[in-house]
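Here the structure comes first, spelled out in structure tokens, and everything after it is commentary.
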Amino acid sequence: MAPASKTKIALVGNPNSGKSSLFNQLTGLNQKVGNFPGVTVDKKSGFTTLADGTVVEIVDLPGIYSIYPRSLDERIVSEILLDHRSAELPDKIVVVADATNLKRSLLLLTQIVDMGLPVMLVLNMMDLVAKAGISYDFTALSKRLGVPVVAVNARKGEGIKELKEQFSKPLAVSQQPCFTIWEEAKAPVKALRDALGVDNDYEAYLYLEQPDSLKFLPADSKSKVDHIRTGHKFFPGKFQGAETIQRYSYIQDLLNDITLRASDHSWKKYSNQLDRILTHKVWGYLIFLGLLMLIFQAIFAWATVPMDFIDALFADVSQWVGAALPAGPATSLLAEGIIPGLGGIVIFVPQIAILFAFISILEESGYMARVVFLMDKIMRRFGLNGKSVVPLISGVACAIPAIMATRTIDNWKERTITIMITPLISCSARLPIFTIIIALIVPNETALGFFNLQGLALMGLYLLGFVMAIASAWIMNLIIRVRERSYLVMEMPTYRVPKWSNVGYTILEKTKAFVLEAGKVIMAISIVLWVLASYGPGDITARAQESVQQESANLRLTEEGLQDRVAARKLEYSYAGIIGKAIEPAIRPLGYDWKIGIALITSFAAREVFVGTMATIYSIGSAGDEDETTIKTRMREEVNPETGGARFTPAVGFSLLLFYTFAMQCMSTIAVVYRETKGWKWPLLQFAYMTALAYISAFIVYQVMR
Amino acid sequence: MGLVRNVAQMKPGEVGVVSGFTDDHLSVKLMEMGCLPGAPVRFNFSAPLGDPICISVAGYELSLRLEEAATISILN
Ligand SMILES: Nc1nc2c(ncn2[C@@H]2O[C@H](COP(=O)(O)OP(=O)(O)O)[C@@H](O)[C@H]2O)c(=O)[nH]1
Ligand SMILES: [Mg+2]
């Protein structure tokens, strides 16, 4: 039996101090992703078993330099630590410090000590400390701060046992205040403690300092805080600099006492050698470009092997289920709705996994910060930020993790523009549509000896998406007039060989998040689609049979041919057919008929559904077909009744390609944008501008080529 | 006494000591990261397009834009 509530231990610390490494060491595969209630930041938590058999929960929080947040993902830490009545409040807090640069980590530690929270200090990177010849007096450090100190090497897993032992012991709140509150602030702090019953002075002080971190407070308490703040003329941020200086002077005294041997103070050299090449004005960009090409190659070429396998597997299972179970609506739902729906999610897993393997390696090694460094000036011209590069690269696999990755951009405008343009980057869900339509309309020939025309067409579409994204950013940069300063103060981490298990855990975490996030929506849509295509007003099976029989009484049709016509007619009568026909006037100028209309509608929920819908439409439309002809040949054979020629002419094909390059057709992305921008304004604007872009360009290309 | 110089005016490899800040908001962020008055800084190199730049301060490397670097006054 699990205890009612497990001890919750939160890891906090500076970026790159080794929190995630430690988290992975502690929890191993016992991790889960989720969300903090009410906020958008992922909650990375996991479980670890202590020596005495008790299981404790470990939470990995975003990296911060101080309790004063600077970006969205940092704010979660102060929110969690300030809300002392929340279920999310950790029972114990672990400050993970890069011990080679202890001074900076102690700033955060002293703040948490002053908040009256039970905290311990983990000195990480002890291998590097030893190498640098630094030596500390741990006992003195622990005594002076009033917190337990444990030394570890999170990379190798040394000291984890001792850390777990420390977890088992009760953790008292330190009684050693590090900071004295200013004379001027004492009165409002006292008033606030009296009014709200806040536990200690520094916590009350932070209530005054951080009005934006108090979302957890009920409205009346919040207005009390605001009242006290204005009543005492307390301006948030006024004393923050002075507080930092006071804390650092305390820390410097402390370090002077507990440092037995300091590192030699000469400037570091090692990173510079590599940086000379990696941020070189020619080599730097060439290497980055080369890496991008490698990533795309991996996503598009290498991933096809597992993807084809998954595709075939789900097709087989679906066929087998359809044959093995007794016929009926339940079997049909399973074989034609649920299983293909699942397949439509799982098929993207290889690409997402490969993409995050690369991103995680680039981040672990410290290279990603150099990419930001290289690209910042260029990106700024378009209202973006050097940090927009990561979301834009991720967008090639999937817009959902890409949009979540914009949280590290602290400037509101740059972040919003990045979110707005990311879905224009062609994601992997568009690939099946591109592939199938290109195969229909572009000959599989080589030009100039070695350029495959189909490959060129595909590359052109990706470029088009990218160029449109940048152009849209440029326009939005002109339209959105917000005067907010943008910052790029960022640490350039030391280059390190990636720790491969960390890479593995990141892949797992991101893939899981994708399957859960996008999976829900895609699954639901698949079922809705199945219902829409299988049912209609009245008994559509009977009606279809009747009308086909009347029509073809004189025709000598085989039983099979008759069944085909009935199935096709049934689809026409279904709700999906009705909707498809209803929008036909709107999409006729683009060259589409009601069948393509059905696919457009279903793929407004998720693009990848397009191919599935095509398959559904044509497979339902030709029931009785003995051997499985591929969807491609079916589409090629589809006749346009008005012209008598092929349905998918080059004009229609290119119109569809452009439509899908620009259209915002992904319910999961809309949901994520809604969550990330906290409202409907941006997702709706995004939907509108992308749909307009898609419609207009598809219209032009069809009318010109027709 | 010459004019007060700032980090944006340094040359690659040059070292100096932080003497103050001209932007309150930014100074808070910089100080939290250990870039305190009195701390030695070194200008390492700038990005290919001249902006942002990379400096060493408080035992690690920091990248910042030129306009941000210009708010850090130095003595050397
Ligand atoms: N040498 C060494 N490297 C470490 C240690 N702990 C973490 N690292 C490396 O430091 C980098 C940052 O670690 P990470 O866990 O991602 O830090 P986070 O940003 O705090 O989550 C990674 O490249 C790790 O492999 C350690 O104890 N020794
Ligand atoms: Mg981390």
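Naming convention: chains lettered A, B, ... in sequence-line order (proteins, then strands); numbering from 1 in each chain.
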Residues Ser66(A) and Glu32(B): side-chain donor-acceptor under 3.5 angstrom: yes
Relative to chain A, which segment of [X] carries a heavy atom at a distance below 4.5 Å: side chain, backbone, both, or neither?
{"X": "Leu36(B)", "result": "side chain"}
{"X": "Ile53(B)", "result": "backbone"}
{"X": "Asp51(B)", "result": "both"}

Looking at Trp283(A), I'd like to know if its CH2 atom is crowded, meaning that more than 12 non-hydrogen atoms belonging to other residues, nucleotides or ligands lie closer than 6.0 Å. no
Enclosure of Asp24(B) CG (heavy-atom neighbours >12, cutoff 6.0 Å): no
Do you know which of Asp376(A), Ile245(A), Thr244(A) has the most heavy-atom pairs under 4.5 Å to chain B? Asp376(A)
So which of Tyr248(A), Tyr65(A), Tyr285(A) has the biggest tally of heavy-atom pairs under 4.5 Å with chain B? Tyr248(A)
Greatest number of non-hydrogen atom pairs under 4.5 angstrom with chain A, of Leu30(B), Asp23(B), Asn44(B), Leu66(B), falls to Asp23(B)
Counting heavy-atom pairs under 4.5 Å with chain A, the top scorer among Ser27(B), Cys54(B), Ser46(B), Ala69(B) is Cys54(B)
Restricting to non-hydrogen atoms, name the atom on [X] and the atom on [Y] that form the minimum distance, rounded to 0.1 Å.
{"X": "Thr279(A)", "Y": "Pro48(B)", "answer": "O-CG, 3.4 Å"}
{"X": "Tyr60(B)", "Y": "Arg104(A)", "answer": "CZ-NH1, 2.6 Å"}
{"X": "Phe373(A)", "Y": "Ser63(B)", "answer": "CD1-CB, 3.7 Å"}

Does some side-chain heavy atom of [Y] sit less than 4.5 Å from a side-chain heavy atom of [X]?
{"X": "Glu491(A)", "Y": "Glu61(B)", "value": "no"}
{"X": "Leu64(B)", "Y": "Met490(A)", "value": "no"}
{"X": "Leu488(A)", "Y": "Glu68(B)", "value": "yes"}
{"X": "Val28(B)", "Y": "Tyr68(A)", "value": "no"}
{"X": "Val489(A)", "Y": "Leu26(B)", "value": "yes"}

Side chain, backbone, both or neither: which part of Arg247(A) has a non-hydrogen atom closer than 4.5 Å to chain B? neither
Check whether Leu107(A) gets within reach of chain B through its side chain, its backbone, both or neither, counting any heavy atom under 4.5 Å. side chain
CE of Met375(A) to CG of Leu49(B), rounded to nearest 0.5 Å, is 9.0 Å
Spacing of Asn101(A) atom CG and Met33(B) atom CE [to the nearest 0.5 Å]: 10.5 Å
Tell me whether the NZ or CZ atom of Arg65(B) lies within the 45° cone about the ring axis of Tyr487(A) and under 6.0 Å from its centre. no
Hey, are Glu67(B) and Arg380(A) close enough for a salt bridge, meaning a charged N less than 4.0 Å from a carboxylate O? yes
